[in-house]
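Quick caveat: nothing in here was measured; it's all calculated off a predicted structure.
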Amino acid sequence: MKNEDAVSEVVGVMILLTITVVLAAVVALVAASAVGDTETPLKAEITAVGVSGGEVIFELISGEPFALSDIRVVLGVREDSTKTASFAGTEMIPLVSGTNTIFLGDRFTLDFDDFVSTGDHLTYRFYDKTDRPFSSGEIKV
């Protein structure tokens, strides 16, 4: 005698498959929210175009505009690796008056306190507000 009160095997497999898909979706959702907000790094190329009287002049030669308050720069001397200094963007002076935002072609200056001797190479590395480097180089003093 057959028992016809039981659920079909196909229905049981479909229920298990549905539970598996729902659990996978929940795990994916939790993993995606655990990553959190990620800021895109600043994409800009800054180059030193000159040194004059203890100041270095920088220019934005490519990339997106940025606020000086959103960056910092670390200066160093190639010939003496013990000489380094970090400067906040608020210590930099835009050469375009009335704005803190640097656009393509704009220049800004930084007083580096003469810790570089004539003939040495001043190195620089710019960091964005997430502390990711986005531009670097050097210039002979």
Side-chain angles (χ1 to χ4, degrees), residues 2-141:
K2 276 186 155 179
N3 185 359
E4 296 185 17
D5 293 336
V7 177
S8 162
E9 289 179 19
V10 173
V11 174
V13 168
M14 293 302 292
I15 290 172
L16 287 175
L17 185 60
T18 303
I19 291 171
T20 304
V21 169
V22 169
L23 283 174
V26 169
V27 168
L29 182 64
V30 169
S33 66
V35 171
D37 293 334
T38 57
E39 294 187 35
T40 58
L42 183 60
K43 294 177 183 151
E45 184 66 31
I46 300 171
T47 188
V49 293
V51 177
S52 175
E55 286 187 341
V56 62
I57 302 167
F58 293 105
E59 181 178 343
L60 177 61
I61 60 170
S62 70
E64 59 192 44
F66 59 87
L68 286 174
S69 58
D70 290 342
I71 66 169
R72 72 179 178 92
V73 64
V74 175
L75 300 181
V77 178
R78 184 175 72 178
E79 289 78 12
D80 184 357
S81 62
T82 63
K83 290 185 175 181
T84 61
S86 181
F87 298 90
T90 54
E91 297 179 61
M92 300 173 206
I93 302 167
L95 295 179
V96 178
S97 61
T99 182
N100 184 38
T101 302
I102 303 298
F103 294 95
L104 189 62
D106 285 352
R107 293 181 173 189
F108 56 96
T109 65
L110 176 64
D111 184 4
F112 58 85
D113 296 328
D114 293 326
F115 71 92
V116 180
S117 302
T118 302
D120 286 346
H121 292 84
L122 179 70
T123 62
Y124 55 89
R125 179 169 293 213
F126 286 91
Y127 295 86
D128 63 12
K129 62 184 173 183
T130 61
D131 217 30
R132 294 182 184 124
F134 66 90
S135 188
S136 64
E138 70 179 31
I139 188 168
K140 187 173 183 177
V141 177

* Asked: Between Phe108 and Phe126, how do the two ring planes meet: parallel, tilted or perpendicular, split at 30° and 60°?
  -> perpendicular

* Thr123 side-chain N/O to Gly76 backbone N/O, donor-acceptor pair under 3.5 Å -> yes

* Structure fact -> For Tyr127 and Asp131, the nearest pair of non-hydrogen atoms, with its separation, is CD2-O, 3.7 Å

* Structure fact -> dist Ile46:CD1 -> Tyr124:OH (nearest 0.5 Å) comes out at 8.5 Å

* How long is the gap from CD1 on Ile139 to CG on Leu122, to the nearest 0.5 Å? -> 7.5 Å

* Donor-acceptor pair, Glu79 side chain versus His121 backbone, under 3.5 Å? -> yes

* To do: Could you go through the side chain to side chain contact (heavy atoms under 4.5 Å, CB included) check for Phe66 and Ile71 one step at a time?
  => CA-CA 8 Å; Phe66 59 87; Ile71 66 169; 3.5 Å; yes

* Starting at OG of Ser135, measure out to CG of Leu60 and round the result to the nearest 0.5 Å. => 8.5 Å

Please output the side-chain donor-acceptor pairs of residues 84-94 that fall under 3.5 Å, not counting sequence neighbours, one pair per line with the distance.
unit_1	atom_1	unit_2	atom_2	d
Ser86	OG	Arg72	NH1	3.3
Glu91	OE2	Ala88	N	3.2

* Nearest atoms (heavy-atom pairs only) where Leu104 meets Gly63 -> CD1-N, 4.4 Å

* Could you grab the distance from atom CG of Leu75 to atom CZ of Arg125, nearest 0.5 Å is fine? => 12.5 Å

* Which heavy atom in Asp111 sits nearest to a heavy atom in Glu55, and how many Å separate them? -> CA-CG, 4.0 Å

* Asked: Rounded to the nearest 0.5 Å, how far does OG1 of Thr99 lie from CG of Leu68?
  -> 8.0 Å

* To do: Mind checking the CG-CZ spacing from Leu42 to Arg132? Nearest 0.5 Å is all I need.
  => 10.5 Å

* Asked: For Asp106 and Thr101, which heavy atoms make the closest approach, and how far apart are they?
  -> OD2-O, 3.9 Å

* Does a sphere of radius 6.0 Å around NZ in Lys129 hold more than 12 heavy atoms from other residues, nucleotides or ligands, not counting ones at 6.0 Å or beyond? -> no

* Could you walk me through whether Leu95 and Ile57 pass the side chain to side chain contact (heavy atoms under 4.5 Å, CB included) check? -> CA-CA 9 Å; Leu95 295 179; Ile57 302 167; 4.2 Å; yes

